[in-house]
Enquirer: 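To start, I am sharing the structure in question, which I have written as structure tokens.
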Amino acid sequence: MSVAAVRTVTLTVNGTERTARTEVRTLLSDFLRNALGLTGTHVGCEEGICGSCTVLLEGVPVRACLMLAVQAEGARVETVEGLAQNGELTGLQSAMRDEHGLQCGFCTPGILMSLTAAEREGLSEEETTGQVLAGHRCRCTGYAGIRAAVARRRKESEATP
Amino acid sequence: MTTPHTPDDRPGTPDSDRAPGAGPVSDAAGPRLIGRSMPRIHDDRILRGDGRYTDDIEALDAIDAHGGGSLAHAAVLRSPVPHGRLTRFDADTARADSRALLVIGPDEIERHADPLPTVWRMPGQLQDRIQVADRTVRYVGQPVGLVVASSRAAAEDIAELVEISYEPLPAVVGVDAALAPGAPLLHPATADSTGTPGPTGTPGPTGAPEGTGPAHGNQAGEARFGDPRADVERVIAAAPHVTTRELAVQRVSYTSMEPRAVLAEWIPGTAQLSLWSSTQVPHAFRYGLARALRLRMDQIRVSVPDLGGGFGGKTVLHVDETLVCLAAKLLGRRVRWTEDRNEALTASYQGRGQNVTARLALDTDGRFLALDAHIRGDLGAFATQAGSGPFQIAGQSIEGPYRFDRAGATVTAVYTNAVPTGAYRGYGMQEACYVRERLIEEAARELGLEAHELRLRNLVSAAEMPYTTRAMSTYDTGDYAAALRAARQAVAGLPRERTGRVRRGVAAVPSIEATGYGPTALQETIGIEASGWESGRIRVNEDGTVTVYAGAIAMGQGIETTLAQIVADRLGLPLAHIAVRLGDTETTPHSDYSSQASRSVVVCGGALMRAGEQMRARMHALAASYLETSPEDISLDAEQVFHAGKTSRTMTWRDVAHRGWLGWGRPAHDRIMLEETVDFDPPAITYAYAAHAAAVAVDLDTGKITVEGYWAFPDSGVLVNPAIAEGQTVGAVAQGLGIALTEEAAYDPHTAQPLATSLWDYELPAPATVPTVHVTHTETPSTFIPGGFKGLGEGGIMPPPVVLTNAVADAVPEIAPALHRTPLTPYRVWTLVQEAGLEG
């Protein structure tokens with residue numbers, strides 16, 4: 001079997017332009033982890049079900065395991081590493097901590113990206129816990145703490161319009 | 001003393017509730033830390049994306065389009081046939097690929113590696129090792145070789161170039177088919193042996209099982225727990241009523257979100273193997289590796305970085321992991337392997353897999369006269385390190401929280417052509433709970449009694465504690481009836497609708513959980529080659545910071561936070577002073593079991609309770625000597641300053657630590673090193689308990705079950721961090737709902753091929769499946785564990801499958817007798833509805 005073709009991929013990750021060479025068959029999830037060293041994006045199933053690898057592509061949540069790195073050429077990508085600014089957690093990240101919304105933490109980055117997009121889109125608590133969270137699988141928490149974190153964020157947003 | 005304890009009401013544990021051994025802390029600074037819900041100390045890091053799981057280490061090395069970095073990548077060659085003889089392994093083409101670094105098959109493996117040791121063999125079991133290079137394959141997914149290449153993709157490419165031929169043999173799926181006359185034999189060499197019966201005779205006071213005879217056919221071994229069969233039969237034969245059922249709990253997959261992973265490095269110059277592994281048991285992992293790779297223990301260092309869930313699936317060294325380490329040794333470089341989800345579902349060991357014939361005998365008043373179970377456990381292709389353990393624990397714990405005149409279980413472990421089974425959260429106790437509570441529910445139905453009343457009539461009462469079962473388990477403390485009443489009360493007013501196309505029903509059941517496993521003497525009696533003690537080590541550093549070392553590992557259960565709270569509480573320091581170090585064979589205390597069996601807080605926490613008290617006494621004595629007063633005159637304030645009451649002199653904790661390490665002016669008999677290590681071997685099993693209740697809706701037209709409400713009333717003794725305890729309980733309930741409703745690692749009965757090979761086929765509980773779980777903890781302290789702790793990691797998974805099943809039986813009594821196995825998928829329920837003539 002011949003060695004797979006290689007291309008140079010350039011994309012903007014968390015506001016910074018990044019370039020790396022990679023095989024054309026490389027998944028975006030593997031590219032982020034292994035070519036760019038952004039290991040916060042986790043690979044749980046490589047078949048689009050668990051949602052652990054979710055990143056934002058042009059602001060929209062996508063499964064990084066269901067697309068190739070070369071398909072993201074020129075795109076704006078956000079990963080979990082880009083959420084906290086100067087080490088300070090976002091409101092959602094703090095809510096996840098305070099409501100015990102994570103246990104092993106493996107699925108957490110993908111959930112954070114989907115919920116972050118939902119907040120930006122102004123989705124309701126019901127839409128977020130009903131439809132957005134439905135795209136994720138967490139083996140540890142039974143989703144209770146995650147739902148509580150979403151509810152806490154809604155209360156916070158009501159308190160500070 | 002039992003203290004109701006709800007999530008919204010989380011008081012610090014008052015002194016009056018402290019168990020013996022907790023001891024007073026006369027001058028603890030600020031609020032107590034044991035009993036407080038606090039955020040976990042490592043969550044910020046995980047939330048920022050700075051988790052460091054095994055596959056994250058050296059990640060940047062992994063892909064190099066120009067031939068790979070220093071890191072090599074492995075792909076495992078696996079059998080595609082369920083049973084057969086490997087007749088050809090031709091790797092010439094594969095080895096010729098320029099990206100190939102190593103290709104090994106059975107010959108090379110056998111030359112360089114020995115079998116893995118087993119630690120728990122059941123009576124009669126002849127198989128005492130695990131082959132790492134077996135030319136007979138017995139399940140789809142069995143490792144037969146390994147490819148190492150410059151990248152993972154290259155390794156997978158090259159794996160397809162290896163030509164392997166098999167001579168197929170007939171395969172058998174499921175325990176009852178495997179036990180049938182004429183079934184294909186998995187291990188014919190030992191199938192007709194006379195065997196070694198193992199421990200025999202009457203069960204001793206610690207409940208060691210009685211061997212019942214040699215292995216034969218596909219039976220690997222057999223043991224009897226509790227009363228001898230003849231005694232139980234005599235009572236059953238004379239009983240006015242006997243309820244008999246054939247029940248089953250399916251095979252399930254652990255499905256930790258992080259698959260298993262190993263990164264191993266062999267440095268030829270120093271002859272050292274260093275590895276990171278997603279294991280729950282670094283010391284046991286190292287022991288097995290040393291045996292297999294013919295190394296000294298001190299040539300191997302196993303470190304556990306962040307672990308993405310375990311649930312029991314990472315409690316043994318697998319053969320594929322061994323091969324990756326062998327490859328690192330043969331190549332003299334770093335080799336990484338991370339299983340993919342397909343491997344996780346088919347080649348990682350699985351849990352559960354029990355078929356049970358169960359009988360309950362009652363008198364006319366509904367008193368339990370006898371319980372008997374014949375448990376056939378599905379070992380799969382071979383017995384893993386602990387092999388039949390879950391089946392044996394199911395037998396040992398079949399009585400649960402009830403009184404019986406006579407009770408016993410015969411446990412038969414059976415080889416089948418499927419991936420081996422092993423420890424899974426709940427470890428036999430979930431299966432026993434399912435069997436027992438299903439049987440009680442059906443007996444009540446047959447007798448026209450209220451199941452709740454039947455349970456209350458037969459529960460062991462608080463006044464009977466300590467209570468010893470027929471199988472010689474001794475329950476220490478608890479009020480089982482109170483928990484069951486609370487659970488029943490939670491669903492008492494909810495709708496029970498037995499007409500229409502959407503039915504509704506409720507159920508409540510009690511359960512118990514053996515925790516803090518376990519006393520080393522008990523393991524010796526049973527014949528498990530493992531010890532149950534833990535060592536807790538507290539080091540006050542030269543700058544006054546405190547480092548805690550324990551044998552537990554962190555896998556998401558928050559144990560690093562919990563142990564830090566215990567030590568901070570004992571020393572009177574804020575949590576931020578404490579760092580917890582876990583999971584490194586070079587630096588953390590020896591532990592055979594590490595984190596599993598609901599033991600970390602009980603055994604590691606118990607050790608650290610005592611070590612903390614010793615360290616506190618030493619620091620206070622040092623401060624007293626520097627401040628020229630007596631230790632009783634010393635207090636530590638909230639700013640970590642020691643005060644001498646009589647002289648009003650002060651000295652900071654930090655300065656006391658610093659001077660302590662200098663050792664100046666100390667008597668010759670006084671140690672300088674500010675470390676305290678305490679070994680704690682629990683004197684007995686401490687039993688947690690719970691009752692759960694559920695309300696369900698059953699759609700007769702679709703077979704879909706909706707859980708409309710779920711309530712849990714657990715008691716795990718003194719809680720260190722109630723928020724973490726609640727999270728553990730809710731998460732375990734969700735996992736139990738998966739067993740109840742969706743999850744099954746099924747095998748095709750004709751081809752023996754695994755049917756659940758992706759998360760499309762293996763359905764994890766989704767957010768919509770898991771309702772709000774209402775948890776109300778009570779706290780009945782253990783009387784013999786320092787701190788009064790009991791374990792709770794597994795308790796939550798035990799009742800859900802049978803609570804849901806009994807609630808469905810309540811909603812649709814027409815199908816109740818046929819509810820004999822999980823999962824209750826829509827198809828299975830719909831089929832039962834059709835068979836009952838309830839089609840719309």
Side-chain angles (χ1 to χ4, degrees), chain A residues 1 3-4 6 20-23 25-26 30-31 33-47 49-50 52 79-84 87 89 93-94 96-100 102-109 112 129-130 133-134 136-147, chain B residues 39-40 43-44 46-53 55-56 59-63 65-66 97-99 151 153-154 157-158 160-161 255-259 306-309 311 340-341 555-558 723-724 726-728 730-735 737 758-760 764-768 770 772-773:
Chain A
M1 189 174 292
V3 176
V6 172
R21 285 174 63 74
T22 190
E23 292 184 1
R25 62 180 173 174
T26 302
D30 289 339
F31 181 78
R33 293 176 52 77
N34 305 136
L36 302 184
L38 294 168
T39 54
T41 298
H42 295 154
V43 178
C45 70
E46 292 179 295
E47 53 202 9
I49 299 170
C50 76
S52 297
T79 70
V80 67
E81 288 93 343
L83 294 180
L89 301 185
Q93 287 172 313
S94 298
M96 285 283 280
R97 177 196 59 204
D98 294 341
E99 295 293 346
H100 192 19
L102 62 153
Q103 288 184 23
C104 85
F106 195 84
C107 69
T108 308
L112 285 172
T129 57
L133 194 56
H136 292 272
R137 294 294 177 270
C138 171
R139 188 56 151 167
C140 296
T141 65
Y143 309 101
I146 305 168
R147 291 180 190 136
Chain B
R40 307 191 309 168
D43 276 358
D44 285 19
I46 302 281
L47 284 159
R48 281 194 298 263
D50 291 332
R52 193 165 180 266
Y53 302 84
D55 194 60
D56 299 340
L60 207 49
D61 254 352
I63 288 185
H66 307 290
D97 191 299
S98 63
R99 300 164 298 168
S151 74
D157 288 345
I158 295 163
E160 296 191 6
L161 303 178
T255 332
S256 55
M257 297 315 296
E258 180 207 25
D306 288 328
L307 196 54
F311 313 117
D340 64 20
R341 187 52 63 185
M555 54 185 165
Q557 83 280 45
I724 288 178
E726 183 182 345
Q728 286 292 295
V730 175
V733 167
Q735 216 167 351
L737 294 180
S758 83
L759 292 184
W760 293 108
L764 293 177
V770 186
T772 298
V773 178

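A note on names: the letters A, B, ... follow the listed sequences, proteins ahead of strands, and every chain is numbered from 1.
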Enquirer: How long is the straight-line distance from NE2 of His42(A) back to CG of Asp55(B), given to the nearest 0.5 Å?
Expert: 9.0 Å
Enquirer: Given a strict heavy-atom distance threshold of 4.5 Å, which part of Gln93(A) is in contact with chain B: side chain, backbone, both, or neither?
Expert: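 Looking at Gln93(A), backbone and side chain both touch chain B.
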Enquirer: Considering only heavy atoms, which portion of Leu89(A) lies under 4.5 Å from any heavy atom of chain B: side chain, backbone, both, or neither?
Expert: side chain
Enquirer: Side chain, backbone, both or neither: which part of Leu307(B) has a non-hydrogen atom closer than 4.5 Å to chain A?
Expert: backbone
Enquirer: Thr108(A) versus chain B, heavy atoms under 4.5 Å apart: side chain, backbone, both or neither?
Expert: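 The side chain, not the backbone.
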Enquirer: When rounded to the nearest 0.5 angstrom, what distance separates CG in Leu47(B) from CE in Met96(A)?
Expert: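 One finds 6.5 Å between CG of Leu47(B) and CE of Met96(A).
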Enquirer: Heavy-atom distance under 4.5 Å to chain B: side chain of Leu112(A), backbone, both or neither?
Expert: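 For Leu112(A), side-chain heavy atoms alone lie under 4.5 Å from chain B.
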Enquirer: Pick one of side chain, backbone, both or neither for Phe106(A), based on which atoms fall under 4.5 Å of a heavy atom in chain B.
Expert: both
Enquirer: Please classify the contact between Pro765(B) and chain A as side chain, backbone, both or neither, with a heavy-atom cut-off of under 4.5 Å.
Expert: both
Enquirer: Side chain, backbone, both or neither: which part of Gln557(B) has a non-hydrogen atom closer than 4.5 Å to chain A?
Expert: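 For Gln557(B), no heavy atom lies under 4.5 Å from chain A.
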Enquirer: Check each atom of Met555(B) against the heavy atoms of chain A and say whether the ones under 4.5 Å are side chain, backbone, both or neither.
Expert: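 Backbone of Met555(B) only, per the 4.5 Å heavy-atom cut-off to chain A.
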Enquirer: Please classify the contact between Ile146(A) and chain B as side chain, backbone, both or neither, with a heavy-atom cut-off of under 4.5 Å.
Expert: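 Neither part.
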